[in-house]
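Given the structure is predicted, the values throughout are model-derived calculations rather than measurements.
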Amino acid sequence: QVQLVESGGGLVQAGGSLRLSCTASGRTFSTYALGWFRQAPGKEREFVGSITWSTGNTYYADSVKGRFTISRDRAKNTVYLQMNSLKPEDTAVYYCASRGRSTSGFDSWGQGTQVTVSS
């Protein structure tokens, strides 16, 4: 199993930037990818982006493409979500998740960190 802890959330003004961090521990040697998801009040959980652990290939939802960037530091077992040009609709609880090489989906989740973008 993998344990994930997010940090870096907070309150920012529209147009501002914020960087979230997710640090993994436990059975990280079998990690295939780390992903970011978000959930706003009254809405379903939404995929934001992901990065493959070995190659660093990234994938983004259309809603954040060009504004958000995912990166990872393998030595620190940490993945980052750099968020620029933030909009009020980006307000949500952001979660990181891990997918193992032997699983078909994301199966380990962090506790989430709140991001609030004011207008």
Side-chain angles (χ1 to χ4, degrees):
Q1 59 182 300
V2 177
Q3 292 78 49
L4 304 170
V5 179
E6 303 98 331
S7 63
L11 174 65
V12 297
Q13 294 181 229
S17 298
L18 200 63
R19 189 176 78 159
L20 306 184
S21 299
C22 174
T23 298
S25 61
R27 298 174 61 85
T28 58
F29 59 87
S30 62
T31 299
Y32 172 71
L34 276 298
W36 286 98
F37 297 78
R38 65 187 183 186
Q39 186 167 201
K43 301 182 67 176
E44 296 296 312
R45 186 176 61 195
E46 175 188 25
F47 172 77
V48 175
S50 64
I51 185 168
T52 57
W53 198 241
S54 294
T55 63
N57 295 141
T58 55
Y59 306 86
Y60 300 98
D62 289 340
S63 60
V64 306
K65 197 170 299 181
R67 299 188 298 121
F68 291 9
T69 303
I70 297 175
S71 61
R72 90 273 198 240
D73 185 332
R74 289 183 287 180
K76 296 181 178 180
N77 291 133
T78 299
V79 62
Y80 304 96
L81 179 65
Q82 176 66 231
M83 303 183 291
N84 299 325
S85 301
L86 283 162
K87 306 173 181 179
E89 51 262 47
D90 294 318
T91 295
V93 177
Y94 283 71
Y95 300 89
C96 64
S98 174
R99 176 186 173 184
R101 293 187 177 278
S102 62
T103 61
S104 61
F106 293 92
D107 55 7
S108 296
W109 296 81
Q111 82 290 341
T113 185
Q114 175 71 227
V115 172
T116 302
V117 184
S118 64
S119 59

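Each of Phe37 and Val115 belongs to its own hydrophobic cluster when Ile, Leu, Val, Met, Phe, Trp and Tyr are linked at side-chain heavy-atom distances under 4.5 angstrom. Grouping the Ile, Leu, Val, Met, Phe, Trp and Tyr side chains by contacts below 4.5 angstrom, directly or via other members, places Tyr95 apart from Met83. In terms of hydrophobic clustering, with Ile, Leu, Val, Met, Phe, Trp and Tyr side chains grouped at heavy-atom distances under 4.5 Å, Leu4 and Leu20 are assigned to a common cluster. Transitive grouping of hydrophobic side chains (ILVMFWY, heavy atoms separated by less than 4.5 Å) brings Val93 and Phe47 into a common cluster.
Contact of the Asn77 side chain with the Trp53 side chain is registered, since non-hydrogen atoms from C-beta on lie closer than 4.5 Å. Arg38 has its side chain within reach of Ser63: a pair of non-hydrogen atoms, C-beta onward, lies under 4.5 Å apart. Proximity of Val64 to Glu46: side-chain heavy atoms (C-beta onward) are nowhere separated by under 4.5 Å.
Between Lys65 and Asp62, at least one side-chain nitrogen of the basic residue sits less than 4.0 Å from a carboxylate oxygen of the acidic one, meeting the salt-bridge criterion.
A pairwise comparison of heavy atoms in Ser21 and Thr78 identifies CB-CG2, 4.3 Å as the closest pair. The nearest pair of heavy atoms linking Asn84 to Ser17 is OD1-OG, 2.9 Å. Across all non-hydrogen atoms, the minimal contact from Ala92 to Gln39 is CB-O, 3.4 Å.
Applying the side chain to side chain contact (heavy atoms under 4.5 Å, CB included) test between Thr91 and each of Val12, Val117, Leu11 identifies Val117 as the sole match.
Listed by chain and number, the residues in a side-chain hydrogen bond (donor to acceptor under 3.5 Å, both in side chains) with Arg99 amount to none (sequence neighbours excluded). For Gln1, the side-chain hydrogen bond (donor to acceptor under 3.5 Å, both in side chains) partners two or more places apart in sequence, or in a different chain, are Gln3.
In this structure, Tyr32 places its OH atom where only 12 or fewer heavy-atom neighbours from other residues, nucleotides or ligands lie under 6.0 Å away. In this structure, Arg27 places its CZ atom where only 12 or fewer heavy-atom neighbours from other residues, nucleotides or ligands lie under 6.0 Å away.
In terms of modelled atom types and a separation under 3.5 Å, the side chain of Thr52 and the main chain of Asn57 share a donor-acceptor contact. Although no hydrogens or angles enter the test, the distance criterion places a donor-acceptor pair under 3.5 Å between the side chain of Tyr60 and the main chain of Ile70. At distances below 3.5 Å, at least one donor-acceptor pair connects side-chain atoms of Glu6 with backbone N or O atoms of Cys96.
Classified by interplanar angle (parallel below 30°, tilted 30° to 60°, perpendicular above 60°), the ring pair Phe68/Tyr94 is tilted.
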Item to complete: Decide yes or no on side chain to side chain donor-acceptor pair (under 3.5 Å) for Arg72 and Thr31, but give the supporting numbers first.
Response: CA-CA 13 Å; Arg72 90 273 198 240; Thr31 299; over 6 Å; no
Item to complete: List the steps, then state whether side chain to side chain contact (heavy atoms under 4.5 Å, CB included) holds for Tyr80 with Thr69.
Response: CA-CA 8 Å; Tyr80 304 96; Thr69 303; over 6 Å; no
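Rounded to the nearest 0.5 angstrom, Leu34 CG and Ile51 CD1 are separated by 8.5 Å.
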